[in-house]
Structures are given as C-alpha cells and as structure tokens.
There are 2 protein chains.
Amino acid sequence: MSDLLERLRSRGWRLTSQRRVVAEVLDGDHVHLTADEVHARAAERLPEISRATVYNTLGELVTLGEVLEVATDGRAKRYDPNAHQPHQHLVCSACGTIRDVRPTGDPLAALPAAERFGFDVATAEVTYRGLCPDCA
Amino acid sequence: MSDLLERLRSRGWRLTSQRRVVAEVLDGDHVHLTADEVHARAAERLPEISRATVYNTLGELVTLGEVLEVATDGRAKRYDPNAHQPHQHLVCSACGTIRDVRPTGDPLAALPAAERFGFDVATAEVTYRGLCPDCA
DNA sequence: TCCTAAGATAGACCCAGTCTAAGTCAAGAA
DNA sequence: TTCTTGACTTAGACTGGGTCTATCTTAGGA
C-alpha cells in the first residue's frame, strides 16, 4: 500500500491525511467496499473526514487507474483495489458477497467480428452469479 | 407482442390499459429503455399513466421472465424485452448505445471449479465495451 | 515562516427508485 | 346487464446514492 502512496506522490498527487486514510482502507484482497463503507472505516481513523472527500478521492483513484469501480447490483458502486491484475467477479445472488476470479481464456476473443457491429471493442467485463457456500 | 399479452393473460395477469401500453412500448429488437423513457413513451399514448405504475409493471415483467433488467452504467437500469434468446451486451463507452450480441461458447464454461470458491454458479453476464462506429 | 493554489468541509441539491394512502376498475358472480 | 371486490393505479412524499457549491484549511514550495 505504501507502494501505492509512493506511486501517487511521484505522479504529483498532493498527499493529505484524508487521501492517505482512504488509500489505506482500500488495502487487501477481495476488498469491494461501497463509498459509504469506505467513509465509515476512514472516519474511524479520521473522524472529521467528509463524504465529499471520500467520493472525490475514490474518483481520483479510479481515474488514475489504481482502483476499479464495480457495479454488480443496482445499488451502490463498489471500489476494488485489485486493479493491476485482470480479473472478473463472482457475486452471491443472496448475500451479495463478491470474490475476484480469473476465468480461462480471454472473454474478448469470444465475440466474433460479425457480432461487433463495427464497434472498436476494448474490454469485456464478466459477472458470474450464484449462491455462495454459506447461502446455498 | 400480442403473443406476450396472450401469455400474460393466460398466467392470470389482469390486463389493464396501462400494462398493455407498457408492454407495447417494449416491443422490438435492440430495445434498452430506461424506466423514465418507458414512462415518457407510454405517456404519449396514455397521458395519465403514473411513474409508479411503470415501475410496478416493469418489475412484474422482470419477475415473470418476460423482460431483462440491464445495468450497464452506474445510472438508471434499462429494460430489455429480448428475454427468450440468450445474449450479452455491447455498450458504446461514449454515447451509451447498447446492442445485443451473441458470443461463441458458454461464458460459464470459462470459470474452472478451482475459481468457484464453492459457489453454485448459475449465470454469467458479459458486458463488452468500446466505441461505436459513430463515436470512433 | 509565509503564501497560495489545491484540497477539505457542511450541507444543499439532484436523480432513480420505493412506499403509502386513497381512489379506480377488470372481470367473475348473479 | 349490473353488482361486487380485490387487484390495480394514482399523486406525491420519501429514501439512498451521489454531486455541487461556497467557504474554510493546509501541503509544500519560495
């Protein structure tokens, strides 16, 4: 995580205590927090941090390519710090738990030219849905 | 489309003018309207139809399996009447246009058992993103 | 240490969607 | 054909997630 802060600083990111706390909250594997959850956890360490700052910081991290935005349900977006390793998501239809997964092959390759309608196709996101062991 | 109304009636669906208009608005290929767009088009034919009724009717059509809910951006959900033919979506990153596409193979097959974390995986949704011919 | 533009803040605001209480009506019964 | 009733519709209040704005604070260079 200090790698992340180091990378950001070297890109001219002004380092504030708020930004540091948000970045720290997003550390770990299979982390997919909503903005409100990030805010709550950040506020444990820095009680006066505002919602707007959390949204701003998350938005910047997404723009910088350090964090992915994931919208697996119609509800709040989730933020995934695992941005440097290509992966897809497996979501429990009952409890909403999310796991990062790596399918075999490139999902982009499954779309033949005839099905591209002249689009310049760049990415493919796959969301697998099912019941997790706890909910099954 | 009258097939649809017939199917619904035979399932005990009470047929009202509002429901008929909503179902008619959703007819066609590559149709992916938001609830507000459905409401606007329905209101052209039935000016006093309410937003709540449109939401209720769309929700019922989704529950009955006649319409799919699609959330390709973080904004409003879209409703896709092409529910009886399995397909995925190709979205323009610039203008948001959506096309139904059929990739080769079954995306579910690409997720090995070792990557399923004990989940009972049921479906895979793929969203392809890129620039459409008009925006490229 | 000082300065200043970048960043943070509170809270108003917006949009998509849900809920509620009251009124309306489709369709089966008589 | 009319009656009846519970399913359906309505307006509008409300909620959750997110954005915007005006003002205040501060990181970090001079």
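Letters A, B, ... are given to chains in the order of the sequence lines, protein chains preceding strands, and every chain is numbered from 1. Bear in mind that the values here come from a model prediction, so they are computed numbers and not experimental data.
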Going by modelled atom types, is there a donor-acceptor pair between the base of D/dG17 and the side chain of A/R75 at under 3.5 Å? no
May I have the distance from B/E37 (atom CD) to C/dA16 (atom P), rounded to whole angstrom? 10 Å
Taking all heavy atoms of B/C92 and all of B/L131, pick out the closest pair and write down the distance. SG-CA, 4.1 Å
Using only side-chain N and O atoms of A/S50, determine if any of them is under 4.0 Å from OP1 or OP2 of C/dG11. no
Among the nucleotides D/dT10, D/dG18, C/dT9, whichever has the atom closest to the side chain of A/A35 is D/dG18
Are B/H30 and B/R99 linked by a side-chain donor-acceptor pair shorter than 3.5 Å? yes
Heavy atoms only, 4.0 Å cut-off, all strands: where does A/A52 land among base, sugar-phosphate and nothing? base
Whole Å only: how far is the CZ atom of A/R51 from the P atom of C/dG11? 12 Å
In whole angstrom, give the distance that lies between atom CG of B/L15 and atom P of D/dA7. 17 Å
Gap between atoms OH and P, on B/Y55 and D/dC14 respectively (whole Å): 19 Å
Taking 4.0 Å as the cut-off, does a side-chain nitrogen or oxygen of B/Q18 come that near to OP1 or OP2 on D/dT10? yes
How many Å lie between CZ on B/R19 and C1' on C/dT24, as a whole number? 14 Å
Search all heavy atoms of B/A83 against all heavy atoms of B/G65 and return the closest pair with its distance. CB-O, 3.6 Å
Salt-bridge criterion met for A/R78 and A/E69 (N-O under 4.0 Å): no
Please pick, from C/dG17, D/dT10, C/dT9, the nucleotide with the shortest atom-to-atom distance to any side-chain atom of B/A76. C/dG17
Polar side-chain contact A/R14-D/dG28 base: donor and acceptor under 3.5 Å: no
Check this for me, if you would: do B/E66 and B/R11 make a salt bridge, where the nitrogen-to-carboxylate-oxygen distance has to be below 4.0 angstrom? yes
Check whether any side-chain N or O of A/T16 sits under 4.0 Å from OP1 or OP2 of D/dA27, and answer yes or no. no
Starting from C1' on D/dG18, measure out to CD on A/E69 and report it in whole angstrom. 11 Å
B/K77 NZ - D/dG17 P separation (whole Å): 13 Å
D/dT15 C1' sits how many Å from A/D36 CG, rounded? 13 Å
